[in-house]
Each structure stands twice: as structure tokens, then as C-alpha cells.
> 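Have a look at this one before I ask anything.
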2 protein chains.
Amino acid sequence: MSNSLTVISPAETAACCSPLTAQPLSMEQAEQVAPVLKALADPVRLRLMSLVASRDGGEACICDLNAAFDLSQPTISHHMKVLHEAGLVDRDKRGVWVYYRVRPQALASLGALIGVPPQ
Amino acid sequence: MSNSLTVISPAETAACCSPLTAQPLSMEQAEQVAPVLKALADPVRLRLMSLVASRDGGEACICDLNAAFDLSQPTISHHMKVLHEAGLVDRDKRGVWVYYRVRPQALASLGALIGVPPQ
DNA sequence: CGCAGACATAGACGAACATCAATGTCCTAC
DNA sequence: GTAGGACATTGATGTTCGTCTATGTCTGCG
């Protein structure tokens, strides 16, 4: 449902703000960025991101990810959905498997917002 | 109480991991970094960080910050406590006022973990 | 001393969240 | 077409979180 309307992904909104330390965020900006950060701010999802990103080919299916945790399959599926809806990963269904892939641009926007601007 | 034991601040632990996309985080690493991200992942706290950081002199007191929100004073105080315990801001009591100041190194570590490594 | 102001703490409450078991949907293979 | 496997959705449950009101602590001043 939200897929058909994906004009701009949530994670891209982080690119719309200058770095945290440059000038005050407006309430609106903060409310756009916070959910993306919240999606990352969970130990399971942080690890999922790093597992997907560092995988050969940059992608992984749920079956791969399940094996890395002591959590049920629906729980992993739920976490990947949160990351996807935040615009942090892309979904790609190929046959029976669903492959996830991180969106480097989304992570870069977040990093630029939080961290030091590129010198 | 936690002040007397501050050997290493939580936010510093982000500096202990290579970037998300470089290699998988261990469960332990993820559980260390996630709370720091969680401290940032709230629209009020995000805005508080940017307000403090972009202030002249890089510091602000609660009284300054209260004025920017429609929230009660204890609520702002609570949010600043969360940011402080995460190692993202420093406290400095001078007379009746308490001044907060962001820790640039903490933000930089987070940014480096999340965003692209410096090319 | 005693009062007033700046900030913190405590306790309560509703909303949001992480997890699970059960079930649903879709694809492939026989 | 039927069976099985991969993943998603649903509904329930315990926990965490954001906010408030009420109260406490400390500082400066008269």
C-alpha cells in the first residue's frame, strides 16, 4: 500500500536537513528524521543492517538472517519491515526468497546529519 | 552515581566498531551502540541537540530550551538527562543554572558508524 | 534565617514497542 | 492439483517510553 506511493522514502528526508550542529532543526524536520533513527536504534535491527550490508553481493534473504539470531522468523520479518518502511533497505522478491539490500544513500544522509560534515 | 564511575561514556563505545557496512556487528557491539542511537531517536531530543549545538558558545541552559517547546520543565529536564546518560552532552552547573554542551566526538563516532566512511 | 527561582526526582498513566504462536499467502516441484 | 517451504500478517502479552503533576534539592538574595 505504501509501496505504490513511494515518492520519497523516509530515509531520504534526512538529506533535507543541515547537520545537527549547524543550525536548529525545526519541529517538522525533527519529526521526519526521528523515525528513521528509531528504526536503527534497536540492537537487532542494527545487527541486521550490518549483516545485510557486509554480505557478499550486499544482499541477504530472511533465511540467512534468521540463522544469526535466537528469534522467531516472524520477529526477524517484522524488523526487516521496519527497516524497509524507514527507507533503509530495499526489498526484492526473487522466486520464493526475498532479498534485502541496504540503501547506502539513506545511511549516508543520516551519517551526514549526525556526524561531522565532510571536513 | 554514574558520574563517579564514568570511565568511558556510552557514546564513546560507538567508536569501538567499524562502520555498519564494513563488517557484521556482534550482538554485544549492537547492544552497546543501540542505546546511544535510541537517545537520539526522538524528535524532542533531536531538536534539543541541535538547539544546544548551534547556540552561541555551544551551550544552553534548561531555561533556554524550555522556551522552545510546549513541554513542561520536568519533561525537558528528563530528555536532557537521557542525552547526558548516553554520553551525547555534558552537564555543567554554574550557580543556579545548568548548562549543557554537546560532545562533538560522540556525534562524530556515531556518524562514522552509520554513514559512509571518509571515502 | 527565610523566601524565591532553577533544576531534578518520584510516581502515575496511556501509548508505543518487541516478541511470540498461530495462521495466511504465494511460489515451486512433483 | 496438491504438498511443502519461504515469508508476511494477525492478535495477544509484557515491557519500555514520553509526558504530566507534585514534590524535593540547591543556590543566591534580602
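Naming: A, B, ... by sequence-line order, numbering from 1 per chain.
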> Applying side chain to side chain donor-acceptor pair (under 3.5 Å), name anything that partners Q23(A), two or more places apart in sequence or on another chain.
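Only S18(A) meet the side chain to side chain donor-acceptor pair (under 3.5 Å) criterion with Q23(A).
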
> Is S54(A) reaching over with its side chain to a backbone N or O of S50(A), donor-acceptor style, under 3.5 angstrom?
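Judged by distance alone, yes, a pair lies under 3.5 Å.
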
> Once side chain to side chain donor-acceptor pair (under 3.5 Å) is applied, do any residues pair with D92(B), and if so which ones, sequence neighbours excluded?
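D92(B): side chain to side chain donor-acceptor pair (under 3.5 Å) contacts with R94(B).
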
> Where is the tightest heavy-atom contact between A106(A) and L88(A), given as atom of each residue plus distance?
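So the two residues come closest at CB-CD2, 4.0 Å.
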
> Under the side chain to side chain donor-acceptor pair (under 3.5 Å) test, which residues partner H78(B), sequence neighbours left out?
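Expected list: none.
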
> Could you work out, with side-chain contact (heavy atoms from CB on, under 4.5 Å) as the rule, every residue matching V98(B), not counting sequence neighbours?
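V98(B): side-chain contact (heavy atoms from CB on, under 4.5 Å) contacts with R91(B), K93(B), Y100(B).
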
> Expressed as a whole number of angstroms, how long is the span from M80(B):CE to dT9(C):P?
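Rounded to whole Å, this separation is 13 Å.
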
> Rounded to whole Å, please give me the gap between NZ in K93(B) and C1' in dT9(C).
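Value for this atom pair: 13 Å.
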
> Report the residues that fulfil side-chain contact (heavy atoms from CB on, under 4.5 Å) with A30(A), sequence neighbours left out, ordered by chain and then residue number.
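Counting only residues at least two positions away or on another chain, A30(A) forms a side-chain contact (heavy atoms from CB on, under 4.5 Å) with L25(A), P43(B), L46(B), R47(B).
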
> How would you give the extent of chain A contacts on DNA chain D, as first and last nucleotide 5' to 3' within a 4.0 Å heavy-atom cut-off?
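Span of nucleotides near chain A: dA6(D) to dT9(D).
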
> Go through the structure and list residues passing side-chain contact (heavy atoms from CB on, under 4.5 Å) with D90(A), not counting sequence neighbours.
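Per chain and number, D90(A) pairs via side-chain contact (heavy atoms from CB on, under 4.5 Å) with R103(A).
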
> Rounding to an integer number of Å, can you tell me how far D42(A) CG sits from dC17(C) P?
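My rounded result for the distance is 11 Å.
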
> Determine which pairs satisfy salt bridge (Lys or Arg N to Asp or Glu O under 4.0 Å) with at least one residue from residues 33-45 of chain A, sequence neighbours left out, and list them in order.
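Every pair satisfying salt bridge (Lys or Arg N to Asp or Glu O under 4.0 Å) with a residue in residues 33-45 of chain A: there are none.
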
> Atom NZ of K81(A) to atom P of dT19(C): distance rounded to whole Å?
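Taking atom P of dT19(C) as the reference, NZ of K81(A) is at 16 Å.
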
> What pairs with P35(A) under side-chain contact (heavy atoms from CB on, under 4.5 Å), at least two apart in sequence or on another chain?
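Expected list: none.
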
> Which of residues 72-79 of chain B have a heavy atom under 4.0 Å from DNA chain C?
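Going residue by residue through residues 72-79 of chain B, the ones with a heavy atom under 4.0 Å of DNA chain C turn out to be Q73(B), P74(B), S77(B).
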
> Does V96(B) sit in a hydrophobic cluster with other residues, and if so which ones, taking ILVMFWY side chains as linked at heavy-atom separations under 4.5 Å, directly or through other members?
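W97(B), Y99(B), listed by chain and number.
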
> Quickly work out the W97(B) CH2 to dA6(C) P distance and round it to whole Å.
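So the CH2-P distance, W97(B) to dA6(C), works out to 7 Å.
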
> Mind calculating the distance between CZ (R91(A)) and C1' (dC26(C)) to the nearest angstrom?
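Roughly 12 Å, once rounded to whole Å.
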
> With the threshold set at under 4.0 Å for non-hydrogen atoms, list the residues of residues 45-67 of chain A touching DNA chain D in residue-number order.
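Residues of residues 45-67 of chain A under 4.0 Å from DNA chain D: C61(A), I62(A), C63(A).
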
> Rounded to whole angstrom units, what separation is found between the OH atom of Y100(B) and the C1' atom of dC7(C)?
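Computing the Y100(B):OH to dC7(C):C1' distance gives 8 Å.
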
> Within this structure, what is the NE2-to-P distance between H84(B) and dA8(C), rounded to whole angstrom?
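The answer, rounded to whole Å, is 10 Å.
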
